[in-house]
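Everything on this sheet refers to the single structure shown next.
Both backbone and side-chain heavy atoms feed into the values below; hydrogens, waters and symmetry mates do not. One-based numbering, in listed order, for ligands and for the atoms of each. All of these numbers come straight from a predicted model, not from anything done at the bench. By convention here, the first residue in the shown sequence is residue 1.
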Amino acid sequence: MEVILVRDAAEGALTAARYFKSQIQKKPTSVLGLATGSTPIPLYRELIRMHREENLCFSGVTTFNLDEYFGIAPDHPGSYRFFMKQHLFDHVNLHPKHVHLPDGQTQNVESHCAEYEALIKKGGGIDLQVLGIGHDGHIGFNEPSSSLASRTRIKTLTQTTVNANQQFFRPGEQVPRHVLTMGIGTILDSRQCLLLAFGKAKASAIALAVEGPLTAKCPASALQLHPKTTAIIDHDAASLLALREYYREVQTNKPEWQRV
Ligand code: PGA
């Protein structure tokens, strides 16, 4: 996969936002795959700025989020729908009907997950998918041992993920143990992926994902099979990569027509 090394999360967010802007300008009816967590927040902030100051228009855009907690209402402050409204949806001109997240309160998990897959297909497939990475190497909520061919379904979170996500819930409030998440197979169907990772805590997951063996122990390593994934990584998250100098060289010598 392509690796872009950036100074810090702020530069990473600007870089990722340029990919989004270029995608939307190229195809105003783009289908975007969105992620939650702390990593994409500065990216969304930059997209909002581009919307306000550079007329970046979301009116034709459709979005699909990677995942949602199971068993909590969409207006719960810990829900991913709430998160997305707060960090992006309420600030750009996305049509509410074009915005999709799995329904954490569905009565029929299996058919709802199949419908989510069908909706993505009907929308023409995801053009650009942004991904964070868990400390355990998860993408979406595909925890280690997830099938590398998986589709949208219900998953049980690991304790590591529950602990990492406690920050988004009130003290003493339980993080749901179950989630609905796009599968790794769903993610691999996207035409382009952007994997974002910033900070030391992500260094070992990134080393495995980018340079390690293809393994269900690190679900993000499945991106090695994807034909068009760009990892945007800061110095700390890149600190365990063996080929750092090579990635730098590739970036420096990237032909002008390939630059975003
Ligand atoms: P984070 O989570 O952005 O909050 O670090 C990433 C993830 O779990 O995918």
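The residue from F82, F168, F169 that alone fulfils the ring pair (Phe, Tyr, Trp, His ring centres under 6.0 Å) condition with Y69 is F169.
Across every non-hydrogen atom of E117 and R151, the tightest pair is OE1-NH2, 2.9 Å.
Checked against the 6.0 Å centroid threshold, F64 and H100 count as a close aromatic pair.
The existence of a salt bridge linking E46 and R18 is excluded, since no basic side-chain nitrogen approaches an acidic carboxylate oxygen closer than 4.0 Å.
For ligand 1, the 4.0 Å heavy-atom shell contains residues G37, S38, T39, G132, I133, G134, H138, K202.
Atom NZ of K121 is surrounded by 12 or fewer heavy atoms from other residues, nucleotides or ligands within 6.0 Å.
With a 4.5 Å cut-off on side-chain heavy atoms, V3 and V210 count as touching.
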